[in-house]
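Working notes for the structure below.
Worth knowing before you read on, the calculation uses all heavy atoms, side chains too, and leaves out hydrogens, waters and symmetry mates.
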Amino acid sequence: MAPSPTGFLHIGNVRTALFNWLFARHEGGEFRLRIENTDTSREVEAATQQIQDSLRWLGLDWDGDVTFQLDRMEETAEVARRLVEEGKAYEDEGAIRFRMPDEGVTAWDDVVRGRVEFPNEQLEDLVLVRSDGRPTYNFASPMEDVWDRITHVIRGEDHISNTPKQVNIIRAIGAEPPVYAHVSHVLGADGKSLSKRHGSVTVDEFKHAGYYAPALMNFLALLGWSYDDKTTIMSPEELVERFSLERVVPSPATFDYDKLDWMNGVYLRTLAPEEYADELVRYLREAGHDWDEELVRRAAPIVQEKIERFGQFPDFAGFLFRDIEPGPALRDGAADVVSAARDELARVEPFAAAQIETTLRDLASRLELSPRKAFEPIRIAVTGSKVSPGLFESIELLGRDKTLERLSAAAGPARA
RNA sequence: GGCCCAUUCGUCUAGUGGCCUAGGACACCGCCCUCUCACGGCGGCGGCACGGGUUCGAAUCCCGUAUGGGCCUCCA
(Lines give C-alpha, C1' and ligand atoms only; values in the text may rest on other atoms or scores of the structure.)
Protein backbone atom coordinates (compact mmCIF):
# COMPACT_ATOMS: atom_id res chain seq x y z
CA MET A 1 0.00 0.00 0.00
CA ALA A 2 1.60 3.22 -1.09
CA PRO A 3 -0.44 6.33 -0.31
CA SER A 4 0.90 9.82 -0.78
CA PRO A 5 0.68 11.97 2.36
CA THR A 6 -1.63 14.60 0.91
CA GLY A 7 -4.55 14.30 3.32
CA PHE A 8 -6.93 11.92 5.04
CA LEU A 9 -7.19 8.39 3.76
CA HIS A 10 -9.97 8.19 1.19
CA ILE A 11 -12.31 5.22 1.42
CA GLY A 12 -11.47 4.21 -2.15
CA ASN A 13 -7.81 3.91 -1.23
CA VAL A 14 -8.75 2.04 1.89
CA ARG A 15 -10.62 -0.47 -0.21
CA THR A 16 -7.47 -0.98 -2.26
CA ALA A 17 -5.46 -1.29 0.97
CA LEU A 18 -7.96 -3.85 2.20
CA PHE A 19 -7.49 -5.99 -0.91
CA ASN A 20 -3.73 -5.81 -0.38
CA TRP A 21 -4.10 -6.80 3.24
CA LEU A 22 -6.57 -9.62 2.59
CA PHE A 23 -4.37 -11.00 -0.14
CA ALA A 24 -1.21 -10.83 1.97
CA ARG A 25 -2.85 -12.40 5.00
CA HIS A 26 -4.52 -15.08 2.92
CA GLU A 27 -1.24 -16.02 1.27
CA GLY A 28 0.80 -15.78 4.46
CA GLY A 29 2.83 -12.97 2.94
CA GLU A 30 3.64 -9.47 4.11
CA PHE A 31 1.61 -6.31 3.78
CA ARG A 32 3.91 -3.33 3.47
CA LEU A 33 3.15 0.34 3.96
CA ARG A 34 5.14 2.89 2.02
CA ILE A 35 4.59 6.63 2.01
CA GLU A 36 5.11 8.13 -1.43
CA ASN A 37 6.40 11.53 -0.48
CA THR A 38 8.46 12.48 -3.51
CA ASP A 39 6.20 15.43 -4.18
CA THR A 40 7.22 17.53 -1.20
CA SER A 41 5.06 20.45 -2.30
CA ARG A 42 1.82 18.59 -1.71
CA GLU A 43 2.75 16.96 1.56
CA VAL A 44 0.37 17.56 4.44
CA GLU A 45 1.87 17.64 7.90
CA ALA A 46 -0.33 15.26 9.87
CA ALA A 47 -1.28 13.00 6.97
CA THR A 48 1.31 10.32 7.63
CA GLN A 49 -0.02 9.80 11.13
CA GLN A 50 -3.64 9.94 9.99
CA ILE A 51 -3.03 7.25 7.42
CA GLN A 52 -1.59 4.91 10.00
CA ASP A 53 -4.33 5.61 12.55
CA SER A 54 -7.01 4.97 9.96
CA LEU A 55 -5.53 1.68 8.83
CA ARG A 56 -5.18 0.52 12.43
CA TRP A 57 -8.74 1.46 13.29
CA LEU A 58 -10.04 -0.59 10.39
CA GLY A 59 -7.90 -3.50 11.51
CA LEU A 60 -5.31 -3.43 8.74
CA ASP A 61 -1.93 -4.09 10.30
CA TRP A 62 1.22 -3.89 8.21
CA ASP A 63 4.53 -5.70 8.44
CA GLY A 64 7.84 -4.04 9.19
CA ASP A 65 8.44 -0.33 9.44
CA VAL A 66 6.66 2.23 7.37
CA THR A 67 9.04 3.31 4.61
CA PHE A 68 9.33 6.70 2.99
CA GLN A 69 10.08 7.03 -0.67
CA LEU A 70 12.25 10.10 -0.28
CA ASP A 71 14.58 8.23 2.10
CA ARG A 72 16.02 6.39 -0.88
CA MET A 73 16.75 9.48 -2.90
CA GLU A 74 20.48 8.67 -2.96
CA GLU A 75 20.02 5.12 -4.23
CA THR A 76 17.58 6.13 -6.94
CA ALA A 77 19.90 8.90 -8.09
CA GLU A 78 22.71 6.36 -8.29
CA VAL A 79 20.64 4.04 -10.47
CA ALA A 80 19.71 6.95 -12.70
CA ARG A 81 23.39 7.81 -13.20
CA ARG A 82 24.13 4.23 -14.11
CA LEU A 83 21.31 4.20 -16.63
CA VAL A 84 22.76 7.31 -18.23
CA GLU A 85 26.17 5.63 -18.45
CA GLU A 86 24.58 2.63 -20.08
CA GLY A 87 22.81 4.85 -22.56
CA LYS A 88 19.39 3.86 -21.26
CA ALA A 89 18.69 7.34 -19.98
CA TYR A 90 19.88 10.81 -20.81
CA GLU A 91 20.12 14.28 -19.37
CA ASP A 92 17.58 16.88 -20.39
CA GLU A 93 17.73 20.42 -18.97
CA GLY A 94 19.10 19.24 -15.66
CA ALA A 95 16.69 16.35 -15.34
CA ILE A 96 17.30 12.73 -16.28
CA ARG A 97 14.94 11.07 -18.72
CA PHE A 98 14.47 7.39 -19.41
CA ARG A 99 14.72 6.19 -22.99
CA MET A 100 11.49 4.29 -23.66
CA PRO A 101 11.43 1.74 -26.46
CA ASP A 102 9.88 3.09 -29.67
CA GLU A 103 8.64 -0.11 -31.23
CA GLY A 104 6.72 -3.17 -30.20
CA VAL A 105 4.47 -3.44 -27.19
CA THR A 106 4.91 -3.62 -23.44
CA ALA A 107 2.50 -6.07 -21.87
CA TRP A 108 1.73 -7.81 -18.61
CA ASP A 109 -0.82 -10.27 -17.31
CA ASP A 110 -2.93 -8.29 -14.91
CA VAL A 111 -4.53 -10.50 -12.29
CA VAL A 112 -7.85 -8.70 -12.44
CA ARG A 113 -7.88 -7.56 -16.05
CA GLY A 114 -6.07 -10.25 -17.98
CA ARG A 115 -3.44 -9.34 -20.53
CA VAL A 116 -2.93 -5.62 -21.06
CA GLU A 117 -0.78 -4.32 -23.90
CA PHE A 118 0.52 -0.85 -24.67
CA PRO A 119 2.10 0.18 -27.94
CA ASN A 120 5.58 1.41 -27.04
CA GLU A 121 5.30 4.35 -29.39
CA GLN A 122 2.79 5.77 -26.90
CA LEU A 123 5.36 5.79 -24.13
CA GLU A 124 7.06 9.11 -23.46
CA ASP A 125 10.63 9.36 -22.26
CA LEU A 126 9.69 10.02 -18.70
CA VAL A 127 11.63 12.04 -16.18
CA LEU A 128 13.45 9.82 -13.68
CA VAL A 129 15.10 12.50 -11.61
CA ARG A 130 13.97 16.10 -11.43
CA SER A 131 16.43 18.88 -12.01
CA ASP A 132 16.53 19.45 -8.24
CA GLY A 133 17.62 15.86 -7.67
CA ARG A 134 14.39 14.36 -6.34
CA PRO A 135 13.23 11.20 -8.07
CA THR A 136 9.77 11.11 -9.63
CA TYR A 137 7.07 8.72 -8.57
CA ASN A 138 7.30 6.62 -11.72
CA PHE A 139 10.97 5.98 -11.05
CA ALA A 140 11.07 5.70 -7.27
CA SER A 141 8.05 3.45 -7.06
CA PRO A 142 9.24 0.61 -9.31
CA MET A 143 12.74 0.84 -7.82
CA GLU A 144 11.37 0.37 -4.35
CA ASP A 145 9.22 -2.50 -5.54
CA VAL A 146 12.41 -4.19 -6.65
CA TRP A 147 14.46 -3.35 -3.55
CA ASP A 148 11.69 -4.39 -1.19
CA ARG A 149 11.13 -7.54 -3.23
CA ILE A 150 7.47 -6.72 -3.68
CA THR A 151 5.81 -9.72 -5.33
CA HIS A 152 2.36 -8.24 -5.95
CA VAL A 153 1.37 -4.68 -6.64
CA ILE A 154 -2.36 -4.20 -6.03
CA ARG A 155 -3.40 -0.63 -6.83
CA GLY A 156 -6.05 1.54 -8.43
CA GLU A 157 -6.80 1.45 -12.14
CA ASP A 158 -5.52 4.99 -12.53
CA HIS A 159 -2.07 3.37 -12.52
CA ILE A 160 -2.72 1.17 -15.53
CA SER A 161 -1.05 3.57 -17.92
CA ASN A 162 1.93 3.97 -15.55
CA THR A 163 2.53 0.25 -15.52
CA PRO A 164 4.19 -0.17 -18.93
CA LYS A 165 6.61 2.64 -18.01
CA GLN A 166 7.48 1.00 -14.72
CA VAL A 167 7.84 -2.40 -16.33
CA ASN A 168 10.35 -0.98 -18.79
CA ILE A 169 12.35 0.68 -16.03
CA ILE A 170 12.47 -2.51 -14.00
CA ARG A 171 13.64 -4.51 -17.00
CA ALA A 172 16.26 -1.89 -17.81
CA ILE A 173 17.96 -2.49 -14.49
CA GLY A 174 17.84 -6.22 -15.11
CA ALA A 175 15.08 -7.12 -12.65
CA GLU A 176 11.77 -8.90 -13.02
CA PRO A 177 8.53 -6.92 -12.65
CA PRO A 178 6.14 -7.92 -9.86
CA VAL A 179 2.66 -9.27 -10.53
CA TYR A 180 0.22 -6.42 -11.08
CA ALA A 181 -3.44 -6.28 -10.13
CA HIS A 182 -5.35 -3.12 -10.99
CA VAL A 183 -8.62 -2.71 -9.16
CA SER A 184 -11.35 -0.37 -10.26
CA HIS A 185 -12.41 2.83 -8.57
CA VAL A 186 -15.21 3.39 -6.11
CA LEU A 187 -17.89 5.78 -7.32
CA GLY A 188 -20.62 7.87 -5.74
CA ALA A 189 -24.30 7.38 -6.57
CA ASP A 190 -24.04 9.76 -9.52
CA GLY A 191 -21.39 7.65 -11.20
CA LYS A 192 -18.63 10.14 -10.45
CA SER A 193 -15.65 9.40 -8.27
CA LEU A 194 -16.66 9.26 -4.64
CA SER A 195 -16.27 12.65 -3.01
CA LYS A 196 -17.50 14.82 -0.15
CA ARG A 197 -20.83 15.59 -1.66
CA HIS A 198 -21.80 11.91 -1.56
CA GLY A 199 -21.35 11.62 2.20
CA SER A 200 -18.51 10.28 4.28
CA VAL A 201 -15.37 9.59 2.28
CA THR A 202 -12.51 9.46 4.75
CA VAL A 203 -12.03 6.68 7.27
CA ASP A 204 -12.27 9.28 10.02
CA GLU A 205 -15.70 10.31 8.90
CA PHE A 206 -16.99 6.75 8.96
CA LYS A 207 -15.56 6.32 12.43
CA HIS A 208 -17.22 9.48 13.70
CA ALA A 209 -20.54 8.48 12.15
CA GLY A 210 -20.49 5.46 14.41
CA TYR A 211 -19.71 2.63 12.03
CA TYR A 212 -18.21 -0.55 13.40
CA ALA A 213 -14.86 -1.38 11.81
CA PRO A 214 -15.50 -5.06 11.00
CA ALA A 215 -18.78 -4.10 9.31
CA LEU A 216 -17.08 -1.45 7.21
CA MET A 217 -14.39 -3.96 6.30
CA ASN A 218 -17.02 -6.49 5.25
CA PHE A 219 -18.82 -3.91 3.15
CA LEU A 220 -15.64 -2.69 1.48
CA ALA A 221 -14.52 -6.23 0.69
CA LEU A 222 -17.75 -6.74 -1.24
CA LEU A 223 -17.08 -3.73 -3.44
CA GLY A 224 -15.56 -5.54 -6.37
CA TRP A 225 -15.12 -8.91 -4.78
CA SER A 226 -17.43 -11.74 -3.81
CA TYR A 227 -16.99 -15.15 -2.26
CA ASP A 228 -19.89 -16.85 -4.00
CA ASP A 229 -23.44 -16.15 -5.14
CA LYS A 230 -25.00 -15.67 -1.71
CA THR A 231 -22.59 -15.08 1.16
CA THR A 232 -22.57 -11.46 2.33
CA ILE A 233 -21.78 -11.37 6.04
CA MET A 234 -18.16 -12.32 6.68
CA SER A 235 -15.94 -11.59 9.66
CA PRO A 236 -12.40 -10.32 9.08
CA GLU A 237 -11.13 -13.86 9.72
CA GLU A 238 -13.53 -15.32 7.17
CA LEU A 239 -12.58 -12.66 4.64
CA VAL A 240 -8.90 -13.49 5.03
CA GLU A 241 -9.61 -17.16 4.64
CA ARG A 242 -11.77 -16.72 1.54
CA PHE A 243 -10.22 -13.83 -0.34
CA SER A 244 -8.67 -14.30 -3.74
CA LEU A 245 -7.58 -11.78 -6.34
CA GLU A 246 -9.00 -13.96 -9.09
CA ARG A 247 -12.50 -13.14 -7.90
CA VAL A 248 -11.99 -9.39 -7.99
CA VAL A 249 -14.08 -7.90 -10.79
CA PRO A 250 -12.67 -5.23 -13.13
CA SER A 251 -15.68 -2.92 -13.29
CA PRO A 252 -16.07 0.08 -10.97
CA ALA A 253 -18.41 -0.16 -7.97
CA THR A 254 -20.82 2.43 -6.63
CA PHE A 255 -20.72 3.01 -2.90
CA ASP A 256 -24.15 2.23 -1.43
CA TYR A 257 -24.53 3.95 1.93
CA ASP A 258 -27.88 2.26 2.56
CA LYS A 259 -26.34 -1.16 2.29
CA LEU A 260 -23.48 -0.16 4.58
CA ASP A 261 -26.00 1.02 7.17
CA TRP A 262 -27.90 -2.23 6.95
CA MET A 263 -24.72 -4.25 7.26
CA ASN A 264 -23.52 -2.18 10.20
CA GLY A 265 -26.84 -2.87 11.94
CA VAL A 266 -26.41 -6.58 11.34
CA TYR A 267 -23.02 -6.47 13.03
CA LEU A 268 -24.17 -4.36 15.96
CA ARG A 269 -27.13 -6.63 16.65
CA THR A 270 -24.88 -9.67 16.62
CA LEU A 271 -22.50 -8.31 19.25
CA ALA A 272 -22.67 -9.78 22.74
CA PRO A 273 -24.40 -7.29 25.08
CA GLU A 274 -21.25 -6.47 27.06
CA GLU A 275 -19.24 -6.00 23.90
CA TYR A 276 -21.93 -3.78 22.44
CA ALA A 277 -21.90 -1.67 25.60
CA ASP A 278 -18.09 -1.43 25.50
CA GLU A 279 -18.13 -0.22 21.91
CA LEU A 280 -20.94 2.23 22.59
CA VAL A 281 -19.17 3.69 25.62
CA ARG A 282 -15.97 4.07 23.65
CA TYR A 283 -17.75 5.72 20.75
CA LEU A 284 -19.57 8.23 22.95
CA ARG A 285 -16.41 9.11 24.82
CA GLU A 286 -14.53 9.78 21.59
CA ALA A 287 -17.48 11.73 20.24
CA GLY A 288 -17.18 14.02 23.26
CA HIS A 289 -20.32 13.02 25.19
CA ASP A 290 -19.56 13.14 28.86
CA TRP A 291 -22.47 10.95 29.91
CA ASP A 292 -22.76 8.67 32.90
CA GLU A 293 -21.15 5.42 31.83
CA GLU A 294 -23.29 3.29 34.11
CA LEU A 295 -26.47 4.65 32.57
CA VAL A 296 -25.07 4.28 29.06
CA ARG A 297 -24.39 0.62 29.79
CA ARG A 298 -27.88 0.10 31.14
CA ALA A 299 -29.33 1.81 28.07
CA ALA A 300 -27.26 -0.23 25.63
CA PRO A 301 -29.55 -3.29 25.56
CA ILE A 302 -32.65 -1.27 24.76
CA VAL A 303 -31.06 0.42 21.74
CA GLN A 304 -29.06 -2.48 20.33
CA GLU A 305 -31.99 -3.80 18.29
CA LYS A 306 -33.07 -0.32 17.28
CA ILE A 307 -30.18 1.65 15.82
CA GLU A 308 -27.74 0.67 13.13
CA ARG A 309 -24.97 3.18 13.88
CA PHE A 310 -23.61 4.37 17.21
CA GLY A 311 -23.94 7.88 15.83
CA GLN A 312 -27.71 7.56 16.16
CA PHE A 313 -27.55 7.04 19.91
CA PRO A 314 -27.53 10.71 20.99
CA ASP A 315 -30.70 11.46 19.06
CA PHE A 316 -32.39 8.22 19.96
CA ALA A 317 -31.58 7.89 23.64
CA GLY A 318 -30.30 11.33 24.55
CA PHE A 319 -33.46 12.00 26.57
CA LEU A 320 -31.96 9.81 29.30
CA PHE A 321 -29.00 12.13 29.71
CA ARG A 322 -30.18 15.64 29.09
CA ASP A 323 -33.30 17.77 29.34
CA ILE A 324 -35.76 17.40 26.52
CA GLU A 325 -37.24 20.05 24.33
CA PRO A 326 -41.01 20.35 24.63
CA GLY A 327 -42.43 17.63 22.38
CA PRO A 328 -45.11 17.99 19.71
CA ALA A 329 -48.33 19.45 21.04
CA LEU A 330 -50.63 16.94 22.69
CA ARG A 331 -53.81 16.03 20.93
CA ASP A 332 -57.22 16.58 22.50
CA GLY A 333 -57.66 14.40 25.54
CA ALA A 334 -54.02 13.42 25.60
CA ALA A 335 -53.36 15.57 28.61
CA ASP A 336 -55.74 13.39 30.58
CA VAL A 337 -53.82 10.26 29.63
CA VAL A 338 -50.56 11.88 30.59
CA SER A 339 -51.71 13.10 33.97
CA ALA A 340 -53.39 9.76 34.72
CA ALA A 341 -50.13 8.04 33.82
CA ARG A 342 -48.30 10.39 36.16
CA ASP A 343 -50.65 9.56 39.01
CA GLU A 344 -50.29 5.82 38.41
CA LEU A 345 -46.53 5.89 37.98
CA ALA A 346 -46.18 7.83 41.21
CA ARG A 347 -47.38 4.71 43.03
CA VAL A 348 -45.80 1.86 41.07
CA GLU A 349 -43.62 -0.45 43.13
CA PRO A 350 -41.06 -1.44 42.20
CA PHE A 351 -40.32 1.16 39.52
CA ALA A 352 -39.36 -1.48 36.95
CA ALA A 353 -40.26 -2.12 33.32
CA ALA A 354 -42.54 -5.10 33.96
CA GLN A 355 -44.60 -3.30 36.62
CA ILE A 356 -44.65 -0.10 34.60
CA GLU A 357 -45.96 -1.99 31.60
CA THR A 358 -48.73 -3.66 33.58
CA THR A 359 -49.74 -0.34 35.09
CA LEU A 360 -49.84 1.53 31.80
CA ARG A 361 -51.69 -1.25 29.97
CA ASP A 362 -54.29 -1.34 32.73
CA LEU A 363 -54.60 2.40 32.47
CA ALA A 364 -55.12 2.20 28.71
CA SER A 365 -57.87 -0.36 28.97
CA ARG A 366 -59.55 1.57 31.78
CA LEU A 367 -59.61 4.63 29.53
CA GLU A 368 -60.79 2.41 26.66
CA LEU A 369 -57.85 3.37 24.52
CA SER A 370 -55.73 1.12 22.35
CA PRO A 371 -52.18 0.75 23.65
CA ARG A 372 -50.98 2.54 20.53
CA LYS A 373 -53.22 5.52 21.19
CA ALA A 374 -52.59 5.65 24.90
CA PHE A 375 -48.82 5.34 24.79
CA GLU A 376 -48.09 7.94 22.13
CA PRO A 377 -48.62 11.03 24.32
CA ILE A 378 -46.81 9.36 27.21
CA ARG A 379 -43.86 8.59 24.97
CA ILE A 380 -43.75 12.14 23.70
CA ALA A 381 -43.98 13.55 27.21
CA VAL A 382 -41.23 11.33 28.57
CA THR A 383 -38.80 11.10 25.66
CA GLY A 384 -39.64 14.23 23.71
CA SER A 385 -40.13 12.22 20.55
CA LYS A 386 -42.60 9.97 18.77
CA VAL A 387 -39.76 7.52 18.19
CA SER A 388 -37.86 5.98 21.06
CA PRO A 389 -36.61 2.76 22.62
CA GLY A 390 -39.24 0.62 24.39
CA LEU A 391 -41.42 2.89 26.51
CA PHE A 392 -41.42 0.86 29.73
CA GLU A 393 -37.69 0.24 29.73
CA SER A 394 -37.09 3.88 28.91
CA ILE A 395 -39.23 5.00 31.84
CA GLU A 396 -37.44 2.63 34.20
CA LEU A 397 -34.06 3.98 33.14
CA LEU A 398 -35.18 7.58 33.35
CA GLY A 399 -36.25 7.01 36.95
CA ARG A 400 -39.38 7.96 38.81
CA ASP A 401 -38.46 11.56 39.61
CA LYS A 402 -37.65 12.69 36.10
CA THR A 403 -40.51 10.69 34.62
CA LEU A 404 -43.09 12.32 36.89
CA GLU A 405 -41.53 15.69 36.30
CA ARG A 406 -41.82 15.36 32.52
CA LEU A 407 -45.32 13.95 32.67
CA SER A 408 -46.41 16.85 34.85
CA ALA A 409 -44.85 19.37 32.54
CA ALA A 410 -46.62 17.84 29.55
CA ALA A 411 -50.00 17.53 31.28
CA GLY A 412 -50.02 21.25 31.70
CA PRO A 413 -50.51 23.63 34.65
CA ALA A 414 -54.20 22.85 34.96
CA ARG A 415 -53.54 19.45 36.48
CA ALA A 416 -50.06 20.00 37.76
C1' G B 1 -7.42 14.28 -29.94
C1' G B 2 -4.28 9.58 -28.85
C1' C B 3 -3.75 5.23 -25.90
C1' C B 4 -5.88 2.13 -22.16
C1' C B 5 -9.93 0.16 -19.09
C1' A B 6 -14.99 -0.98 -18.16
C1' U B 7 -20.49 -2.21 -19.33
C1' U B 8 -25.87 -8.39 -15.80
C1' C B 9 -32.12 -5.67 -11.70
C1' G B 10 -31.89 1.57 -9.04
C1' U B 11 -27.13 -0.40 -6.18
C1' C B 12 -23.41 -4.53 -4.87
C1' U B 13 -22.96 -8.98 -7.29
C1' A B 14 -23.50 -14.79 -9.04
C1' G B 15 -22.75 -16.47 -13.91
C1' U B 16 -16.41 -18.66 -17.68
C1' G B 17 -21.21 -21.97 -24.26
C1' G B 18 -26.48 -25.88 -22.70
C1' C B 19 -27.76 -26.40 -15.10
C1' C B 20 -30.65 -19.27 -16.93
C1' U B 21 -38.04 -19.32 -17.28
C1' A B 22 -30.72 -15.16 -15.40
C1' G B 23 -29.68 -16.68 -8.64
C1' G B 24 -28.60 -13.82 -3.92
C1' A B 25 -28.19 -9.17 -1.03
C1' C B 26 -29.39 -3.75 -0.22
C1' A B 27 -33.14 -0.28 -1.53
C1' C B 28 -38.36 0.11 -2.82
C1' C B 29 -43.74 -1.70 -2.50
C1' G B 30 -47.55 -4.94 -0.01
C1' C B 31 -49.06 -8.20 4.04
C1' C B 32 -48.03 -10.32 9.01
C1' C B 33 -45.85 -9.35 13.94
C1' U B 34 -46.13 -4.88 17.14
C1' C B 35 -46.37 0.48 22.61
C1' U B 36 -43.39 4.14 18.45
C1' C B 37 -39.16 2.93 15.67
C1' A B 38 -36.57 -1.13 14.45
C1' C B 39 -35.87 -6.67 14.17
C1' G B 40 -38.10 -10.84 12.08
C1' G B 41 -41.45 -13.69 8.58
C1' C B 42 -43.99 -14.03 3.80
C1' G B 43 -44.78 -12.02 -1.04
C1' G B 44 -43.90 -8.48 -5.09
C1' C B 45 -41.41 -5.04 -8.51
C1' G B 46 -36.95 -5.07 -11.33
C1' G B 47 -31.53 -6.60 -15.31
C1' C B 48 -27.74 -9.41 -19.54
C1' A B 49 -26.21 -1.25 -23.24
C1' C B 50 -27.04 -1.71 -28.76
C1' G B 51 -25.90 -4.01 -33.62
C1' G B 52 -23.53 -7.69 -36.29
C1' G B 53 -21.13 -12.35 -36.36
C1' U B 54 -19.21 -17.62 -34.58
C1' U B 55 -22.17 -21.98 -32.90
C1' C B 56 -27.07 -27.02 -33.08
C1' G B 57 -27.12 -23.51 -28.85
C1' A B 58 -24.46 -17.07 -26.18
C1' A B 59 -25.29 -13.11 -20.40
C1' U B 60 -21.00 -16.16 -21.46
C1' C B 61 -16.51 -16.19 -27.58
C1' C B 62 -15.21 -12.37 -31.78
C1' C B 63 -15.96 -7.49 -34.25
C1' G B 64 -18.19 -2.76 -34.33
C1' U B 65 -21.16 1.21 -32.07
C1' A B 66 -22.74 3.78 -27.81
C1' U B 67 -22.03 5.24 -22.90
C1' G B 68 -18.90 5.85 -18.59
C1' G B 69 -13.95 6.13 -16.60
C1' G B 70 -8.46 6.55 -16.47
C1' C B 71 -3.85 8.40 -18.28
C1' C B 72 -1.23 11.50 -21.70
C1' U B 73 2.96 16.67 -15.44
C1' C B 74 10.31 17.74 -13.68
C1' C B 75 1.71 15.03 -9.58
C1' A B 76 1.13 10.50 -7.16
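- Spacing of P atoms, G41(B) relative to A25(B), comes out at 10 Å, to the nearest Å.
- Among the nucleotides C71(B), C5(B), A76(B), the one closest to any side-chain atom of Ile160(A) is C5(B).
- Base pairing of G64(B): its partner is C50(B), meeting the Watson-Crick or G-U wobble criterion (both donor-acceptor distances under 3.5 Å).
- The P atoms of C48(B) and U21(B) are separated by 15 Å, rounded to the nearest whole Å.
- Between the side chains of Thr163(A) and His182(A), at least one donor N or O lies within less than 3.5 Å of an accepting N or O.
- In this structure, the nucleotide among C37(B), G69(B), G40(B) sitting nearest to the side chain of Arg269(A) is G40(B).
- For Phe19(A) and Trp225(A), the ring centers are positioned 6.0 Å apart or more.
- For Asn138(A) and C75(B), the CG to P distance is 11 Å, given to the nearest whole Å.
- In the interface, the side chain of Lys306(A) is paired with the base of U36(B) through a donor and an acceptor atom under 3.5 Å apart.
- When Watson-Crick and G-U wobble pairs are counted only if both distances are under 3.5 Å, C37(B) pairs with no nucleotide at all.
- Nucleotides G46(B) and C4(B) are separated by 40 Å at their P atoms, to the nearest Å.
- Ring-centre distance between Phe139(A) and Tyr137(A): not below the 6.0 Å cut-off.
- One can place CG of Asp261(A) at 14 Å from C1' of U11(B), the figure rounded to the nearest angstrom.
- Distance check on atom C1': G53(B) versus C71(B) gives 32 Å, rounded to whole Å.
- Checked by atom type, the side-chain pair Thr76(A)/Arg81(A) shows no donor-acceptor distance below 3.5 Å.
- Residue-level contact check: His182(A) touches neither bases nor backbone, having no heavy atom under 4.0 Å from any strand.
- When both distances must be under 3.5 Å, the Watson-Crick or G-U wobble mate of U55(B) does not exist.
- The nucleotide whose nearest atom lies closest to any side-chain atom of Ser161(A) is, among A76(B), G2(B), C71(B), C71(B).
- Counting any heavy atom pair closer than 4.0 Å across all strands shown, Phe392(A) reaches a base atom.
- Considering only the side chain of Arg113(A), C5(B) comes nearest among C35(B), C71(B), C5(B).
- Of the candidate nucleotides C74(B), A76(B), C4(B), C74(B) has the atom lying nearest to any side-chain atom of Ser131(A).
- Minimum atom distance to the side chain of Ala95(A) is reached by C74(B), of the listed C74(B), C3(B), A76(B).
- Ring to ring, Phe206(A) and Phe255(A) are close: their centroids are under 6.0 angstrom apart.
- Residue Leu391(A) is in base contact, counting any heavy-atom pair closer than 4.0 Å across all strands shown.
- Taking only side-chain nitrogens and oxygens, Arg130(A) never comes nearer than 4.0 Å to OP1 or OP2 of U73(B).
- Looking only at atom types and distance, the side chain of Asp39(A) has a donor-acceptor partner in the side chain of Ser41(A) under 3.5 Å away.
- Picking from G40(B), A6(B), A76(B) the nucleotide with the shortest atom distance to the side chain of Pro250(A) gives A6(B).
- Tyr90(A) and Asp125(A) are linked by a side-chain donor-acceptor pair at a separation below 3.5 angstrom, with hydrogens and angles left out of the test.
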Can you give one letter per nucleotide of nucleotides 22-29 of chain B, 5' to 3': B if a protein heavy atom sits under 4.0 Å from the base, S if only from the sugar-phosphate, - if neither?
-BSBBS--

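- Comparing the P positions of C31(B) and A22(B) gives an interatomic distance of 28 Å, to the nearest angstrom.
- Residue Val112(A) is the one, among Val112(A) and Arg379(A), whose nearest nucleotide of RNA chain B lies closer to the 5' end (criterion: closest heavy atom).
- On the C1' atoms, U16(B) is 26 Å away from C26(B), given to the nearest whole Å.
- Proximity of the aromatic rings of Tyr211(A) and Phe219(A) is defined here by a centroid distance below 6.0 angstrom, and this criterion is not met.
- Of all heavy-atom pairs between Thr38(A) and Arg134(A), the closest is O-NH2, 2.9 Å.
- Between the CG atom of Asp110(A) and the P atom of A6(B) there is a distance of 9 Å, rounded to whole Å.
- Nucleic acid contact class of Asn37(A) (heavy atoms, under 4.0 Å, all strands): none.
- Residue Val249(A) is in sugar-phosphate contact alone, with no base atom involved, counting any heavy-atom pair closer than 4.0 Å across all strands shown.
- A donor and an acceptor atom, one from each side chain of Thr136(A) and Arg130(A), are nowhere located under 3.5 Å apart.
- Residue contacts shown for Ser251(A) are limited to sugar-phosphate atoms, with no base heavy atom under 4.0 Å away.
- The separation between Leu128(A) atom CG and A76(B) atom P is 12 Å, rounded to whole Å.
- Asp92(A) comes within 4.0 angstrom of a nucleotide base, judged by non-hydrogen atoms across all strands.
- Spacing between C20(B) and G47(B) at atom C1', rounded to whole Å, works out to 13 Å.
- We find that CG of Leu187(A) is positioned 11 Å from C1' of G70(B), with the value rounded to whole Å.
- Base engagement by Gly390(A) is indicated by at least one non-hydrogen atom pair under 4.0 Å involving a base atom.
- Base orientation of C63(B): anti, since the glycosidic angle falls outside 90° of 0.
- The partner of C26(B), taking Watson-Crick or G-U wobble pairs whose two distances both stay under 3.5 Å, is G10(B).
- Taking every side-chain heavy atom of Ser226(A) into account, A14(B) is the closest of A14(B), C4(B), C35(B).
- Position along RNA chain B of the nearest nucleotide to Phe375(A) versus Val266(A) favours Phe375(A) as the more 5'-ward residue.
- Ring centroids of Phe321(A) and Trp291(A) are separated by less than 6.0 Å, placing the two rings close together.
- Residue Leu126(A) contributes atom CG, which lies 13 Å from atom C1' of C71(B) at whole-angstrom precision.
- Candidate nucleotides U13(B), U36(B), A76(B) were compared by shortest atom distance to the side chain of Ala253(A), and U13(B) ranks first.
- A distance of about 42 Å separates the C1' atoms of C56(B) and G70(B), rounded to the whole Å.
- Residue Ser41(A) is out of contact with every strand shown, counting any heavy-atom pair closer than 4.0 Å.
- No contact: Arg155(A) has no heavy atom under 4.0 Å from any strand.
- Put simply, CD on Glu36(A) is 7 Å from C1' on A76(B), counting in whole angstrom units.
- Aromatic rings from Phe375(A) and Phe392(A) are positioned such that their centres are separated by under 6.0 Å.
- A sub-4.0 Å separation between OP1 or OP2 of C74(B) and a side-chain N or O of Thr136(A) is absent.
- As judged by a 4.0 angstrom heavy-atom cut-off over every strand, Arg372(A) is placed among residues touching the sugar-phosphate backbone only.
- With a cut-off of 3.5 Å on both Watson-Crick or G-U wobble distances, the partner of U16(B) is given as none.
- Within 4.0 Å (heavy atoms only), Arg361(A) reaches at least one base atom of the nucleic acid.
- The NE2-C1' distance, from His159(A) to G70(B), rounds to 11 Å in whole Å.
- Base pairing analysis places G1(B) opposite C72(B); the two distances defining the Watson-Crick or G-U wobble pair are each below 3.5 Å.
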